[in-house]
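Count residues from 1 along the sequence. Here the structure is a predicted model, which means the values were calculated and not measured.
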Amino acid sequence: MQKNIFSCLIATQLGISEKSVANTLALLQEGCTIPFIARYRKERTGGLDEVKIAAISDRYEKLIDIQKRKETVVKTIQDLNKLTPQLKERIDQCWDATELEDIYLPYKPKRRTRAQVAREQGLEPLAQIIMLQRERDPESAASRYVGDKVPTAEEAIKGAQDIIAETVSEDERSRQQLRNVFQRQAIITSKVVKAKADTDEAAKYSDYFEWSEPLKRCSSHRLLAMRRGEQEGILRISISPDDTEACDRLKRHYVYGNTACGRLVSEAIDDGYKRLLKPAIETEFATFSKEKADEEAIRVFAENLRQLLLGAPLGQKRVMGIDPGFRTGCKVVCLDAQGNLLHHDVIMPHPPINKRTEAAVILLKLIAKYQIEAISIGNGTASRETDAFVKDVLAGRYNISDKNGKTSHSDSTPQVFVVSEAGASVYSASKIARDEFPDEDVTVRGAVSIGRRLMDPLAELVKIDPKSIGVGQYQHDVDQSKLKHSLDQTVESCVNSVGVDLNTASQHLLMYVSGLGATLAKNIVDYRREHGAFTSRNQLLKVPRLGPSAFQQCAGFLRIRNGKNPLDNSAVHPESYPIVEQMAKDQSCSVADLIHDKDKRAAIQLSHYVTAEVGMPTLTDILAELEKPGRDPREQLEAFEFDKNVNTIDDLVEGMVLPGIVTNITNFGAFVDIGVHHDGLVHISQMANRRIAHPLDVVKLHQHVMVRVTEVDHRRQRISLSMKGV
């Protein structure tokens, strides 16, 4: 019964059919993963994508939390002997967390308040008399309550007003009315703490020393910046509507006229608003606005991460990775086509050492010896200088020959790429890197990471905590559990959308495959090491602890190149192999022939293969896979070059048009690397000649763009850029 209620509620909230929601929840409770459901259970979900399935899962978890809270609320009120059938029904029907807390508030155990003290003094009947506003002489009525506990009528009235103030502040109507006022007109205000105004730490928050704006217009990045300043003790933040108007609205409900009792009620409302109600609703809105800002920041971070992970791979090529540096030199590694470390060295082509010829000799020898096909250079310190040096060496600008007079060379000139090295140092010091290269130091491991992320960004970057990759916005200020949940889902989605080579994937990459996890990933690698390469997906069932359920979830996302069955290198799930075999049989050919022969595929009538379990969505996906089995959805890698005449911020002149690479995307714009060691900002207003809702509508991470320099602030090292009309 409860599942039906949940399905109905979620369907209404998300605008999805109740049947699709119910089937999706059933699949999730059977242990199916989001990627598996989205890819292989389209008939049951109505073709829902991963985003909608994740939303259903999240809403379900929230409803479960509300249900648990309702059980606590009912038990507490029951223990007070105040649970009426009507109240129980209201709680049962409530599925809004805020409304539930409003219902519960009058019964909620609380510290000993002023109102509670007044009740203990027997003043509740007096409070009710004043609230009714029928008594002409409230002081005379109050005198009847004077005694040992209440020395004067004035004290009795004050106690009664405390009860009224708390009653009004806990009333559902009052709280909802004030929420509506906050929703429409609340202003968020930020002021600097005077004692911190002149400190170095406060300088970065100078924009918010005297700042106010409507809360509903406050962007997530501004709110998170202010909250960070507040947390560091530099800013003081408040959220408030027009207090006079808010109080007047409350009084319209509770004050019936300009009588003596009416004035006492009015005073009590002013007190209750200032002391109880406004602080409570302000806290609510501070929490709610922070949650919204977190959600937006996490969404942007997750989308940036998705684009980074799905960056174009070079593929299985022999790569030289270079971690550039000045004083300590450039760390050089040579990797085989599978990313295994073959050799490492250090060259000193830059000041203060300047051994350029020696460095050129080493490079050319390594390129020839290991038949290097591409060179990957990190984009950190000395990147531009190293890129220029390497290209000079490859262009033959260093006249170098061995003792026999022959110039070192390889069969072809390697292509040079500059890659983001964000997170490489984090990886190099991690347990994963130590396990991979126990005998190498962090500099070698970092260079390996730079080389590998050119070959396959996804396979390498999954080893690094996403928060360390540098594509987030205030990632340390948002809810960390929600951030981790979102980023883990993003990584899992990316890994499974690309697919994983079962025979070359690292344990860490396998961890993110649908249905696996750390233990099964390790067991697969151990089995592979002991028994050799997998030749069939069915061999997975021989891996310890990998049973039929895990096999069902993971098999479609694992690829085997040159295996016994050509379908093992495709996204066709093993459960659908009989369908493909029947298609091949009907075309009088083998499955391999069906994959390679376009005419035979064109002759397939998909409607002939529809069954109660398998519909057109699955059959359409199967046919698409047969056309391009094991296709990689990622784009082709493109080389990029900065303007050779611009190397530092001092070289910039307003009006210059330069090539750049998008390095980070936020709500307010995109940061672009133009090769001067300081990323420039293209504000959202400078991204297009039309109004856009979000920078992601125009650019994506690592996109190559042309930008115009509009302003250079040398003091703050800030560069303003524009993409308009470029």
**Q** Check whether any side-chain heavy atom of Leu308 lies under 4.5 Å from a side-chain heavy atom of Asn304, and answer yes or no.
**A**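 Leu308 vs Asn304: side chains apart.
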**Q** Check whether more than 12 heavy atoms from other residues, nucleotides or ligands sit under 6.0 Å from atom CZ of Arg631, and answer yes or no.
**A**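 Yes, enclosed.
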**Q** Please tabulate, for the side chains in residues 648-661, all donor-acceptor contacts under 3.5 angstrom to protein atoms that are two or more places apart in sequence or on a different chain.
**A**
{"from": "Thr648", "atom 1": "OG1", "to": "Asp650", "atom 2": "N", "distance (Å)": "3.3"}
{"from": "Asp651", "atom 1": "OD2", "to": "Asn647", "atom 2": "N", "distance (Å)": "2.9"}
{"from": "Asp651", "atom 1": "OD2", "to": "Thr648", "atom 2": "N", "distance (Å)": "3.0"}

**Q** Does a side-chain heavy-atom distance below 4.5 Å link Glu492 with Thr33?
**A**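 The answer is yes, as the side chains (C-beta and beyond) meet within the 4.5 Å cut-off.
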**Q** Passes side-chain contact (heavy atoms from CB on, under 4.5 Å), Leu224 versus Val478? Steps please.
**A** CA-CA 8 Å; Leu224 289 171; Val478 302; 4.2 Å; yes
**Q** What pairs of residues pass the ring-ring contact (aromatic ring centres under 6.0 Å, His included) test when at least one of them lies in residues 484-505, not counting sequence neighbours?
**A**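 Applying ring-ring contact (aromatic ring centres under 6.0 Å, His included) to every pair that reaches into residues 484-505, excluding sequence neighbours, yields nothing.
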**Q** Please report, to 0.1 Å, the donor-acceptor pairs under 3.5 Å made by any side chain of residues 375-383, with sequence neighbours excluded.
**A**
{"from": "Ser376", "atom 1": "OG", "to": "Ile450", "atom 2": "O", "distance (Å)": "2.7"}
{"from": "Asn379", "atom 1": "OD1", "to": "Glu421", "atom 2": "N", "distance (Å)": "3.0"}
{"from": "Ser383", "atom 1": "OG", "to": "Gly378", "atom 2": "O", "distance (Å)": "2.9"}

**Q** Quick one: CD1 on Ile367 to CD on Glu373, what's the gap to the nearest 0.5 Å?
**A**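 Between atom CD1 of Ile367 and atom CD of Glu373 there are 12.0 Å.
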**Q** Can you sort out the partners of His704 under ring-ring contact (aromatic ring centres under 6.0 Å, His included), two or more places apart, ordered by chain and number?
**A**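 With sequence neighbours excluded, His704 shows a ring-ring contact (aromatic ring centres under 6.0 Å, His included) to Phe640, given in chain and number order.
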**Q** Which atom names give the shortest non-hydrogen contact between Gly515 and Ala550, and what distance separates them?
**A**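 Residues Gly515 and Ala550, closest heavy atoms: O-CB, 3.8 Å.
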**Q** To the nearest 0.5 Å, tell me how far Arg434 CZ sits from Asp439 CG.
**A**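 Answer rounded to 0.5 Å: 13.5 Å.
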**Q** Side chains of residues 719-726: which donor-acceptor pairs under 3.5 Å do they make with residues two or more places apart or in other chains?
**A**
{"from": "Ser722", "atom 1": "OG", "to": "Gln686", "atom 2": "OE1", "distance (Å)": "2.8"}
{"from": "Ser722", "atom 1": "OG", "to": "Lys724", "atom 2": "N", "distance (Å)": "3.1"}
{"from": "Lys724", "atom 1": "NZ", "to": "Ser685", "atom 2": "O", "distance (Å)": "3.2"}

**Q** For residues Ser220 and Asn667, is any side-chain donor paired with an opposing acceptor at under 3.5 Å?
**A**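 Asn667 and Ser220 do have a side-chain donor-acceptor pair below 3.5 Å.
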**Q** Is a side-chain N or O of Asn523 found less than 3.5 angstrom from the main chain of Pro544, in a donor-acceptor match?
**A**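 Here the side-chain-to-backbone pair exists.
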**Q** Only counting residues at least two apart or in another chain, list the ones meeting side chain to side chain contact (heavy atoms under 4.5 Å, CB included) with Asp456.
**A**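 In terms of side chain to side chain contact (heavy atoms under 4.5 Å, CB included), with neighbours along the sequence ignored, Asp456 is linked to Leu458, Ala459, Arg634.
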**Q** Just to verify, what does Arg445 make a side-chain hydrogen bond (donor to acceptor under 3.5 Å, both in side chains) with, not counting sequence neighbours?
**A**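 Once residues adjacent in sequence are excluded, Arg445 has no partner under the side-chain hydrogen bond (donor to acceptor under 3.5 Å, both in side chains) criterion.
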**Q** Compare every heavy atom of Ala422 with every heavy atom of Ile469, then report the nearest pair and how far apart it is.
**A**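 Scanning both residues, the minimum pair turns out to be O-CB, 2.9 Å.
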**Q** Look up atom OG in Ser514 and atom CG in Asn496, then write down how far apart they are to the nearest 0.5 Å.
**A**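 Ser514 atom OG to Asn496 atom CG measures 5.5 Å (nearest 0.5 Å).
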**Q** Between Glu201 and Lys204, is there a side-chain N and carboxylate O pair less than 4.0 Å apart?
**A**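 Not counted as a salt bridge, because no side-chain N and carboxylate O are separated by less than 4.0 Å.
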**Q** Quick check against the 3.5 Å criterion: does Arg537 have a side-chain atom that pairs as donor or acceptor with the backbone of Ala555?
**A**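 Confirmed, Arg537 side chain pairs with Ala555 backbone.
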**Q** Using modelled atom types and a 3.5 Å cut-off, is there a donor and acceptor pairing between side-chain atoms of Glu530 and backbone atoms of Tyr527?
**A**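 Side chain of Glu530 to backbone of Tyr527, a donor-acceptor pair under 3.5 Å: no, none is there.
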**Q** Among Val346, Thr386, Ile362, which one satisfies side-chain contact (heavy atoms from CB on, under 4.5 Å) with Cys330?
**A**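 Between Cys330 and the candidates, side-chain contact (heavy atoms from CB on, under 4.5 Å) is satisfied uniquely by Thr386.
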**Q** Would you say the side-chain atoms of Glu625 pair up with the backbone N or O of Ala571, donor to acceptor, closer than 3.5 Å?
**A**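 Yes.
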**Q** Can you find a heavy atom in the side chain of Gln539 that is under 4.5 Å from one in the side chain of Thr535?
**A**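 When only atoms from C-beta onward are counted, Thr535 and Gln539 do touch, with a gap below 4.5 Å.
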**Q** List in chain and number order the residues that pass ring-ring contact (aromatic ring centres under 6.0 Å, His included) with His677, two or more places apart in sequence or in another chain; answer none if no residue qualifies.
**A**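 Applying ring-ring contact (aromatic ring centres under 6.0 Å, His included) to His677 gives none.
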**Q** Quick one about Arg453 and Ser449 (side-chain donor to acceptor, distance below 3.5 Å, no hydrogens or angles considered), yes or no?
**A**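 Yes.
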**Q** For Phe534 and Asn503, which heavy atoms make the closest approach, and how far apart are they?
**A**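 Phe534 and Asn503 have their closest heavy atoms at N-OD1, 2.6 Å.
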**Q** To the nearest 0.5 Å, how far apart are OG1 in Thr663 and CG in Asp679?
**A**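 CG of Asp679 is found 3.5 Å from OG1 of Thr663.
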**Q** Please round to the nearest 0.5 Å and tell me the distance separating atom CD of Glu440 and atom NZ of Lys331.
**A**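 So the gap between those two atoms works out to 14.0 Å.
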**Q** Using modelled atom types and a 3.5 Å cut-off, is there a donor and acceptor pairing between side-chain atoms of Arg528 and backbone atoms of Leu502?
**A**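 Side chain of Arg528 to backbone of Leu502: a pair is present.
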**Q** Quick one: does Asn340's side chain get under 4.5 Å of Leu335's, heavy atoms only?
**A**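 A side-chain contact under 4.5 Å is absent here.
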**Q** Atom OG of Ser536 and atom CG of Asn565: how far apart are they, to the nearest 0.5 Å?
**A**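 One finds 7.5 Å between OG of Ser536 and CG of Asn565.
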**Q** Can you find a heavy atom in the side chain of Phe437 that is under 4.5 Å from one in the side chain of Leu341?
**A**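 Of all side-chain heavy-atom pairs linking Leu341 with Phe437, at least one is under 4.5 Å.
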**Q** Tell me whether Asp501 contacts the main-chain N or O of Ala505 through its side chain, where contact means a donor paired with an acceptor under 3.5 Å.
**A**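 Pair absent, no side-chain N/O of Asp501 close to backbone of Ala505.
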**Q** Taking C-beta and beyond as the side chain, do Pro313 and Pro457 meet within less than 4.5 Å on heavy atoms?
**A**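 The answer is yes, as the side chains (C-beta and beyond) meet within the 4.5 Å cut-off.
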**Q** Looking at Lys463, His508, Lys431, Gln507, which one forms a side-chain hydrogen bond (donor to acceptor under 3.5 Å, both in side chains) with Glu436?
**A**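 Of all the options given, the one that passes is Lys463.
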**Q** Please examine the side chains of Ile353 and Arg327, heavy atoms only from C-beta on, and report whether any two atoms are closer than 4.5 Å.
**A**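 In short, these two side chains do not touch, never coming nearer than 4.5 Å.
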**Q** If you measure from the Lys or Arg side-chain nitrogens to the Asp or Glu carboxylate oxygens, is any gap between Lys564 and Asp568 under 4.0 Å?
**A**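 Salt bridge between Lys564 and Asp568, a charged N being under 4.0 Å from a carboxylate O: no.
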**Q** Just checking Lys391: does its NZ atom have more than 12 heavy atoms from other residues, nucleotides or ligands closer to it than 6.0 angstrom?
**A**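 Yes, the 6.0 Å shell around NZ holds more than 12 heavy atoms from other groups.
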**Q** State, to 0.1 Å, how close Ile298 and Leu483 come at their nearest heavy-atom pair, and which atoms those are.
**A**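 For Ile298 and Leu483, the tightest heavy-atom pair comes out as CD1-N, 3.7 Å.
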**Q** Evaluate whether atom CG of Asn562 has more than 12 neighbouring non-hydrogen atoms of other residues, nucleotides or ligands under 6.0 angstrom away.
**A**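 Not more than 12 within 6.0 Å, no.
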**Q** Which pair of heavy atoms, one from Glu303 and one from Leu696, lies closest together, and at what distance?
**A**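 Looking at all heavy atoms of both residues, the closest pair is CG-CD1, 3.5 Å.
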**Q** State, without any angle test, whether Gln307 and His702 hold a side-chain donor-acceptor pair at a distance under 3.5 Å.
**A**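 Judged by distance alone, the side chains do not pair up.
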**Q** Using every non-hydrogen atom in the two residues, find where Val698 and Gln703 come nearest and quote the distance to one decimal.
**A**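 Residues Val698 and Gln703, closest heavy atoms: O-OE1, 3.9 Å.
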**Q** For Gln338, look at atom CD and say whether over 12 heavy atoms of other residues, nucleotides or ligands are found less than 6.0 Å away.
**A**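 Atom CD in Gln338 is packed in, count exceeds 12.
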**Q** Which residues satisfy the ring-ring contact (aromatic ring centres under 6.0 Å, His included) test with Tyr205, sequence neighbours excluded?
**A**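 ring-ring contact (aromatic ring centres under 6.0 Å, His included) list for Tyr205, sorted by chain: empty.
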**Q** Are Gln489 and Ser493 close enough that a side-chain donor and a side-chain acceptor fall under 3.5 Å?
**A**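 Not at all, the side chains of Gln489 and Ser493 share no donor-acceptor pair under 3.5 Å.
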**Q** Using the test side-chain hydrogen bond (donor to acceptor under 3.5 Å, both in side chains), find all partners of Gln717 that sit at least two apart in sequence or belong to another chain.
**A**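 Only His678 meet the side-chain hydrogen bond (donor to acceptor under 3.5 Å, both in side chains) criterion with Gln717.
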**Q** Would you tabulate the side-chain donor-acceptor contacts of residues 668-675 under 3.5 Å, counting partners in other chains and residues two or more places apart, or write 'none'?
**A**
{"from": "Asp673", "atom 1": "OD1", "to": "Gly675", "atom 2": "N", "distance (Å)": "2.8"}

**Q** Name all pairs fulfilling the ring-ring contact (aromatic ring centres under 6.0 Å, His included) condition that reach into residues 350-393, sequence neighbours left out, sorted by first residue then second.
**A**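 As it turns out, the ring-ring contact (aromatic ring centres under 6.0 Å, His included) pairs with a partner in residues 350-393, which skip direct neighbours, are Phe326-His350, His343-Tyr370, Phe389-Tyr398.
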**Q** Can you tell whether the side chains of Arg397 and Asp392 come within less than 4.0 Å, N to carboxylate O?
**A**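 So Arg397 pairs with Asp392 through a salt bridge.
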**Q** For the residue pair Leu567 and Ser570, establish whether any side-chain heavy-atom pair is separated by less than 4.5 Å.
**A**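 A side-chain contact exists here, since the closest heavy-atom pair is under 4.5 Å.
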